[in-house]
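Throughout, protein chains are lettered first and strands after them, A, B, ... in sequence-line order, and every chain is numbered starting at 1.
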Number of protein chains: 2
Amino acid sequence: MTNSNNRRQQLLEVAATCFYREGYDAASMRLIAEQAGMRTASIYYHFESKDALLVAVHEEALHRIQEAVNAALMDVKGEWNRLEAACAAHLEMLLTGGTFFKAVMRHVPSAVEGRELIFKLRDDYERIFADLIADLELSPETDRGTLRLMLLGAMNWTFTWWRPHEGPAPAVLAFRFVTNLRSCLDLPA
Amino acid sequence: MTNSNNRRQQLLEVAATCFYREGYDAASMRLIAEQAGMRTASIYYHFESKDALLVAVHEEALHRIQEAVNAALMDVKGEWNRLEAACAAHLEMLLTGGTFFKAVMRHVPSAVEGRELIFKLRDDYERIFADLIADLELSPETDRGTLRLMLLGAMNWTFTWWRPHEGPAPAVLAFRFVTNLRSCLDLPA
DNA sequence: GTCTATATGCTGATAGAC
DNA sequence: GTCTATCAGCATATAGAC
């Protein structure tokens, strides 16, 4: 039972890495099994299908990142500070939290069973940012929906170009992103 | 010869649509052939492999979008206006220019021959925006690299959520994106 | 240029021993 | 829980007729 949970957890990590690096289709069950040090058939003791494995990866990753963002928001005061803290936590997980979270950014093939659930999980998570942006004081002509999608787009695109030891640290990136949006918008002049 | 070029062009369009909708691996040569109204083997008269087909899709799409952006920049004066015009053209192609351009945003599996070339084509195209941003007058502490990546990220992420007849028109989106970045940055106070 | 027919290999998944 | 062995199907790609 405990052993089973360990293996299950290990499989999730390995699968996420494969899904991220190869994409869902190219990440074969054989490859995942090999990376996890077991045979293909053994995976099916822990997960009923490859699709179920992908769904489980999303559940785990989004649960973890949601907790990280909520933790980062504890005791932070000020609307813009809170937004920046959430962005920093989001980028921290995405860029340096292991391949687990990058897997969530990949395309989900249309034939995957549980695709709708995956989209729902993603949407639920992103609602944190909608709430934070709703709290901002903005000039009346600013569209909050666009602002949210712009910020999330900028953040979620980082995983295509960011490399460890090269680009700016996640927290620096969060500061710049929010600063670039901030100064112009917060005061009704 | 002319007939061959027509077929080749048609295959490119069909393949791009399949690559976008299904992802590279799930878009089988059988499916592409079927959608194009021919047999699998016939594709190989026009393209030597599936990988070559993907590379050709990128060459065509990036060539076209580059021309569209350059055309949109003709006779536009003012650094911020030029950036906005380029963004509008970019979004116009990406969102309403057919699936051709969305295919370029998808993940390229690591095993694809010509992967490096594809990345080079993407980088070359994005240099347009680096040049436009280099022309802006910004407060000295603003990082232009971050600004470029932020804007491209926001734009390239749109194809994950934008739907025809729902979201804002591409030109409106371009205006909001640039406006959100603009007011705060252009004057050294 | 497009076809039929086929080679070869990899895919997700299952059966059943241990 | 993990294994060996295997299935049926689909993948890319090629050979050669028309």
**Student:** By nearest atom, which of the nucleotides C/dT2, D/dT12, D/dT4 is closest to the A/Ala41 side chain?
**Tutor:**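 For the A/Ala41 side chain, the nearest candidate turns out to be D/dT4.
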**Student:** According to a strict under-4.0 Å criterion, is A/Arg39 in side-chain N/O contact with OP1 or OP2 of D/dA5?
**Tutor:**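 A/Arg39 to D/dA5 OP1/OP2: no side-chain N or O under 4.0 Å.
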**Student:** Are side-chain heavy atoms of B/Glu13 and B/Phe100 found at a separation under 4.5 Å?
**Tutor:**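 Heavy-atom side-chain distance check passes, below 4.5 Å.
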**Student:** Would you say the rings of A/Tyr125 and A/His90 are close, in the sense that their centroids are separated by under 6.0 Å?
**Tutor:**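 Judged by ring-centre distance (under 6.0 Å), A/His90 and A/Tyr125 do meet the cut-off.
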**Student:** For the residue pair A/Trp157 and B/Trp157, categorise the inter-ring angle as parallel (less than 30°), tilted (30 to 60°) or perpendicular (more than 60°).
**Tutor:**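 Ring orientation of A/Trp157 relative to B/Trp157: perpendicular.
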**Student:** With sugar-phosphate meaning primed atoms plus P, OP1 and OP2, does A/Ser42 contact a base, only sugar-phosphate, or nothing at under 4.0 Å between heavy atoms?
**Tutor:**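 Answer is base: heavy atoms of A/Ser42 come under 4.0 Å of a base.
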**Student:** Does C/dT11 have OP1 or OP2 sitting under 4.0 Å from an N or O in the side chain of A/Ser28?
**Tutor:**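 So the side-chain polar atoms of A/Ser28 do come within 4.0 Å of the phosphate oxygens OP1 or OP2 of C/dT11, strictly under.
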**Student:** With a 4.0 Å cutoff (strictly under), does any side-chain N or O of A/Arg30 reach OP1 or OP2 of C/dG12?
**Tutor:**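 Looking at the OP1 and OP2 atoms of C/dG12, neither is under 4.0 Å from any side-chain N or O of A/Arg30.
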**Student:** Phosphate oxygens OP1/OP2 of D/dT2: is one of them under 4.0 Å from a side-chain N or O of A/Arg7?
**Tutor:**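 It does, given that an N or O in the side chain of A/Arg7 lies less than 4.0 Å from OP1 or OP2 of D/dT2.
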**Student:** Please state how far atom CD in A/Glu22 lies from atom P in C/dC10, giving the value in whole angstrom units.
**Tutor:**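 Rounding to the nearest Å, CD of A/Glu22 and P of C/dC10 are 15 Å apart.
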**Student:** Is it true that B/Thr17 and B/Gln35 share a donor-acceptor pair across their side chains at a distance under 3.5 Å?
**Tutor:**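 Per modelled atom types, B/Gln35 and B/Thr17 side chains form no pair under 3.5 Å.
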**Student:** Round to a whole Å and report the spacing from CG of A/Asp25 to C1' of D/dA11.
**Tutor:**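 Whole-Å distance recorded here is 11 Å.
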**Student:** Toward the 5' end of DNA chain D, which comes first, A/Thr40 or B/Met29, by nearest nucleotide?
**Tutor:**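 Going by which nucleotide is closer to the 5' end, it is A/Thr40.
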**Student:** Starting at the 5' end of DNA chain C and moving along, which residue's nearest nucleotide shows up first, A/Ala26 or A/Glu48?
**Tutor:**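 Looking at the nearest nucleotide for each, A/Ala26 comes out on the 5' side.
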**Student:** Would you say a side-chain N or O of A/Tyr45 is under 4.0 Å from OP1 or OP2 of D/dT2?
**Tutor:**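 Checking A/Tyr45 against D/dT2: no side-chain N or O falls below 4.0 Å of OP1 or OP2.
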**Student:** Could you tell me how far apart A/Asp51 (CG) and C/dA13 (C1') are, to the nearest whole angstrom?
**Tutor:**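 Going from A/Asp51 (CG) to C/dA13 (C1'), I get 12 Å.
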**Student:** Given atom CD of B/Glu34 and atom C1' of D/dC10, what is their separation to the nearest angstrom?
**Tutor:**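 It works out to 14 Å between those atoms.
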**Student:** Return the value, rounded to whole Å, for the distance between atom CD of B/Gln10 and atom P of C/dG1.
**Tutor:**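 Interatomic distance, CD of B/Gln10 to P of C/dG1: 13 Å.
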**Student:** Starting at OH of B/Tyr44 and ending at P of C/dT6, how long is that distance when rounded to a whole Å?
**Tutor:**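 Value for this atom pair: 19 Å.
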**Student:** Under 3.5 Å, is there a donor-acceptor pair between the A/Thr146 and B/Arg176 side chains?
**Tutor:**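 A pair is found: one side chain offers a donor N or O, the other an acceptor, under 3.5 Å apart.
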**Student:** Could you tell me how far apart B/Ile32 (CD1) and D/dA11 (P) are, to the nearest whole angstrom?
**Tutor:**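 B/Ile32 atom CD1 is separated from D/dA11 atom P by 11 Å.
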**Student:** Rounded to the Å, how far apart are A/Phe47 CZ and C/dT14 P?
**Tutor:**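 Interatomic distance, CZ of A/Phe47 to P of C/dT14: 16 Å.
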